[in-house]
**Q** 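My questions will all concern the structure given below.
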Amino acid sequence: MNTNEQPQYEGAKSEVERKTLDQRSQMDELSRLRHSCAHILATAVLRLWPDALLDIGPPTDDGFYYDFELTHRFSPDDFARIEEEMRKITKENQVFEKSIKTRDEARAYFESKGQKFKLERLGDIPEGEAISFYQNGEFVDLCAGPHVMRTGNVKPGGIKLLRVASAYFRGNEKNPQLQRIYGTAFKNKEDLENWVKLQEEAKKRDHRRIGAEMGLFAFDAEYVGPGLALWLPKGGVLVEELEKLAKETEFQAGYVRVRTPHLAKEKMYRTSGHLPYYAESMFPPMEMLEEDERKKREQLLEKRADLLKLAESLGNAISPNPAGMTPESIQEEVNRIETEAGFLGGRYYLKAMNCPHHHRIFAAEPRSYRDLPLRLAEYGTCYRYEQSGELFGLMRVRAMNMNDAHIYCTAEQFADEFRAVNEMYLKYFKIFGLDRYQMRFSTHDPARLGQKFVNEPELWKQTEDMVRRVLIESGINYVEVPNEAAFYGPKIDVQVWSAIGREFTIATNQVDFAVPARFGLTYRDRDNTDKTPLCIHRAPLGTHERFIGFLIEHYAGNFPLWLAPEQVRVLTLGEKEPLVNYAKGIVQELRSQFVRVEGDFGTNPIKAKIADAEKARVHTMLVIGGRDLEAGHVSVRLHSKGPQGARPRDEVIAGILADIRERRA
RNA sequence: GCCAGCUUAGCUCAGCGGUAGAGCAACGGUUUUGUAAACCGUGGGUCGUCGGUUCAAUCCCGACAGCUGGCUCCA
């Protein structure tokens, strides 16, 4: 996998903003209600803070929001007042009245109100499209609709404001930040209450919470650093089990394993093209330059600064250009200098991706077409300096272990390799009982060839056709997203939804027909010429951090036997010696078979021991009392499933071993 | 990085301008038990850090850090 394992949060950047009038009119009933609720919110805010400037207020997947600019800073303490005003408005039962205005009328209206954001939004409406307004009571808004008939259609008990947030105007961080109020609305109070309950249930599944409860991982911002996860012993088990699964699967699929260091010289990332574009996301370099190299570098950087100054003056057309340089030729020279400086030894970067190292492994030996496909796999550790506000539990971290591999192949081999990768995904998803996922197929935009996308129209077409065919043949449900491909080729991201409704990219599968060439990778073909291989980046299990974060929520911490940090606990009724000896024998036998088993042989009442084991989410509890000892039985109890009855000891042990071996759910 | 909120015992939380509390957990005893919690006791805190206001600050103010919710970013 290259660099795109991180999430693609859509957040509240509502699709609604981009929807056409026609799509909007088809909005379902609930969205319509919520949209009206956003207007009611704005009505209330204007009553309480008449100087508020309005932006927009669309419905979202589970509610609505409205963006405001005002000097008062909203805080949750304001919600009671605002909600009260909103309820009042619903009781006033105002009619939502639609009207069409001309562009001039609309402009005049917003100018008179000083609503500068609305004026800008007005400019977005294409010439010829109707400019519609909705009015309820004293509140008038530029709005395509649709709405409910009257504010009274919104039940006062069905409204709830949720949180204040901020959002850049038009989602651009150069624009002013507006204050956003999120809320939700339902047909009635009961629906709302059910939703609130569901939210609370979902919170209990949050991987951060369960991770702490179960002792899976920890963060130590003070001594280790933010976004740098520590795997505790029980979380380490999850890591080990996933790696074991990956290693077995990849071995059987013909992968070979490699190991690479966690850093590399600047030259590596100059060559790959990741620097300077990706530098922001990388930890700053470590400088180990020799004295003469340092001087050389300083000279180069001075020269570069001079050139940039020159470029600026050219842009301003202040001074004539003495050297006859164009902005393009200056840029070229700047690039050359940066490359030269970067090629000096002694500046090291922590790697943000594994592909360059793997490319150098490809380059380490002469390659023949007979060596292809070459599948290099590694659980590679990558470091990315994600912005502080983007860190999020295990899901978005600064150090991560990727289930990475790079497959080098010929164009003829590509389809089979790509199909095999896809099948591996599906195999994994089956193991984890993952049935809600969506493959997102990102393609290029021909208009941006040579800019955002490498200028290889034929290869783009070929690979995209091939990927599309594989998806269709495999009967996979996918969406195609133009203009979202990586610069070096099309890709498939796997979107999953965690139990708490969060969507993110958990795995990625990318085609790369550009970067191997930058590293001069070649193989000797049948015809005795050197050719550049295609490369597939793939990471079906994403990173340990995110994948385990996802699994924690997916299973709500109730892992299947093969994954469970503590698989079995043997509980005795009391600590009488024959009983304990019998129990110890079972523990020993299981442990000798590498089962993660513990014993609880103390004097506590069995109820207490069971409560402890249940709380710890031990998968299988083996309860042993006098009756079991006599019959040579054990009584099985499964976590969250209760007692399963007594069965012969050897049969139970064999069953446990089989379930683990088969990785049964 | 930006806006807002939060930070009190290992965890969940209460509290207040006059030097801090509960439940669970931990620890020490007692309890010999049939499927989610037996009883008694003990310890545990620089109230995130630094600075300011005050006779006095965990509480008020400021800065910083971390976390959370968003936004931005994720080539």
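Values reported hereafter were calculated over all heavy atoms of this structure, with side chains retained and with hydrogens, waters and symmetry mates removed. To find a chain, count down the sequence lines: A is the first, B the second, and so on, and within it residues start at 1.
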**Q** Taking all non-hydrogen atoms of both residues, which atom of Glu614(A) and which atom of Ser640(A) are closest, and how far apart?
**A** OE1-N, 3.2 Å
**Q** Round to the nearest Å and state the distance from Lys203(A) atom NZ to U68(B) atom P.
**A**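 Spelled out: NZ on Lys203(A) to P on U68(B) is 14 Å.
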**Q** In this structure, how many angstroms lie between the P atom of C71(B) and the CG atom of Leu391(A), rounded?
**A**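 Distance, rounded to whole Å: 16 Å.
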**Q** Identify which nucleotide among C73(B), C71(B), C67(B) has an atom closest to any side-chain atom of Arg396(A), counting heavy atoms from C-beta outward.
**A**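 The closest nucleotide is C73(B).
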**Q** If the P atom of U54(B) is compared with that of G41(B), how far apart are they to the nearest Å?
**A**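 These two P atoms come out 47 Å apart once rounded.
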**Q** Nearest 0.5 angstrom please: Glu266(A) CD to Met282(A) CE, how far?
**A**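 Answer rounded to 0.5 Å: 9.0 Å.
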**Q** Can you classify the ring geometry of Tyr383(A) versus His262(A) as parallel (below 30°), tilted (30 to 60°) or perpendicular (above 60°)?
**A** tilted
**Q** Using residues 642-649 of chain A as the side-chain source, report each donor-acceptor pair under 3.5 Å to any protein atom, sequence neighbours left out, with the distance given to one decimal.
**A**
unit_1: Gln644(A); atom_1: NE2; unit_2: Lys641(A); atom_2: O; d: 3.4
unit_1: Gln644(A); atom_1: NE2; unit_2: Gly642(A); atom_2: O; d: 2.9
unit_1: Arg647(A); atom_1: NE; unit_2: Glu651(A); atom_2: OE2; d: 3.0
unit_1: Arg649(A); atom_1: NH2; unit_2: Glu589(A); atom_2: OE1; d: 2.2

**Q** Glu280(A) CD to A75(B) C1': how many Å, rounded?
**A** 12 Å
**Q** Starting at CG of Leu232(A) and ending at C1' of G10(B), how long is that distance when rounded to a whole Å?
**A**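 Taking atom C1' of G10(B) as the reference, CG of Leu232(A) is at 13 Å.
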**Q** What distance, rounded to whole Å, do you find between the two C1' atoms, one in U42(B) and one in C2(B)?
**A** 49 Å
**Q** Within the supplied structure, the quantity of interest is the number of heavy atoms (other residues, nucleotides, ligands) at a distance under 6.0 Å from Lys160(A) NZ; does it exceed 12?
**A** no
**Q** Between P on C71(B) and CD on Glu386(A), what's the gap in Å once rounded to a whole number?
**A** 16 Å
**Q** Determine the interplanar angle of the Phe169(A) and Phe117(A) rings, folded into 0 to 90°, and report it as parallel if under 30°, tilted if 30 to 60°, perpendicular if over 60°.
**A** tilted
**Q** Roughly how far apart, to the nearest Å, are C39(B) and A25(B) at atom P?
**A**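 Here C39(B) and A25(B) have their P atoms 11 Å from each other.
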**Q** Of all residues at least two apart in sequence or in a different chain, which pass the side-chain contact (heavy atoms from CB on, under 4.5 Å) check with His619(A)?
**A** Leu561(A), Ala564(A), Leu638(A)
**Q** Which letters describe nucleotides 1-9 of chain B, given B = protein heavy atom under 4.0 Å from base, S = only from sugar-phosphate, - = neither?
**A** BBBS-----
**Q** His537(A) vs His406(A) aromatic rings, parallel, tilted or perpendicular, using cut-offs 30° and 60°?
**A** perpendicular
**Q** On a whole-Å scale, what distance lies between the C1' atoms belonging to U49(B) and A65(B)?
**A** 7 Å
**Q** Quote, to the nearest angstrom, the P distance that separates C71(B) from C59(B).
**A**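 That atom pair is separated by 33 Å.
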**Q** What interatomic distance, in whole Å, is found between P of A57(B) and the corresponding atom of U53(B)?
**A**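 Approximately 11 Å lies between the P atom of U53(B) and that of A57(B).
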**Q** Does anything in residues 624-633 of chain A form a side-chain hydrogen bond (donor to acceptor under 3.5 Å, both in side chains)? List the pairs, not counting sequence neighbours.
**A** Asp628(A)-Ser635(A)
**Q** Kindly say whether the aromatic ring centers of Phe487(A) and Phe453(A) come within a distance under 6.0 Å.
**A** no
**Q** What is the per-nucleotide protein-contact pattern of nucleotides 34-39 of chain B, from the 5' end, where B denotes a base atom under 4.0 Å from a protein heavy atom, S denotes such proximity for sugar-phosphate atoms only, and - denotes neither?
**A** BBBBB-
**Q** With a 6.0 Å cut-off on ring centres, are Trp460(A) and Tyr488(A) close enough?
**A**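 Distance test on ring centres: not under 6.0 Å, no.
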**Q** So what does Gly393(A) touch, heavy atoms closer than 4.0 Å: a base, only the sugar-phosphate, or nothing?
**A** sugar-phosphate
**Q** Using the C1' atom as the point on both nucleotides, what is the distance between A9(B) and U58(B), in whole Å?
**A**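 That atom pair is separated by 14 Å.
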**Q** Could you give the CD-to-P distance, from Glu222(A) to C50(B), as a whole number of Å?
**A** 11 Å
**Q** Taking the P atom of each, how far is G69(B) from G28(B), in whole Å?
**A**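 So the two P atoms sit 38 Å from each other.
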**Q** On RNA chain B, does the nearest nucleotide to Gly574(A) precede the nearest nucleotide to Arg163(A) from the 5' side, or the other way round? Give the residue.
**A** Gly574(A)
**Q** Show me, range against range, the stems involving RNA chain B, built from at least 3 consecutive Watson-Crick or G-U pairs below 3.5 Å.
**A** B:1-7 with B:65-71, B:10-13 with B:21-24, B:26-30 with B:38-42, B:48-52 with B:60-64
**Q** Any side-chain N or O of Arg208(A) less than 4.0 Å from the OP1 or OP2 oxygen of G69(B)?
**A** yes
**Q** How many Å lie between CZ on Arg440(A) and C1' on C74(B), as a whole number?
**A** 11 Å
**Q** For Asp600(A), is there any backbone N or O sitting under 3.5 Å from a side-chain donor or acceptor partner on Lys609(A)?
**A** yes
**Q** Centre of Phe186(A)'s six-membered ring, under 6.0 Å away, within 45 degrees of the axis: is that where NZ or CZ of Arg34(A) sits?
**A**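 Yes, Arg34(A) lies over the aromatic ring of Phe186(A).
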**Q** Rounding to a whole Å, what distance do you find between Lys576(A):NZ and U32(B):P?
**A**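 To the nearest whole Å, that distance equals 9 Å.
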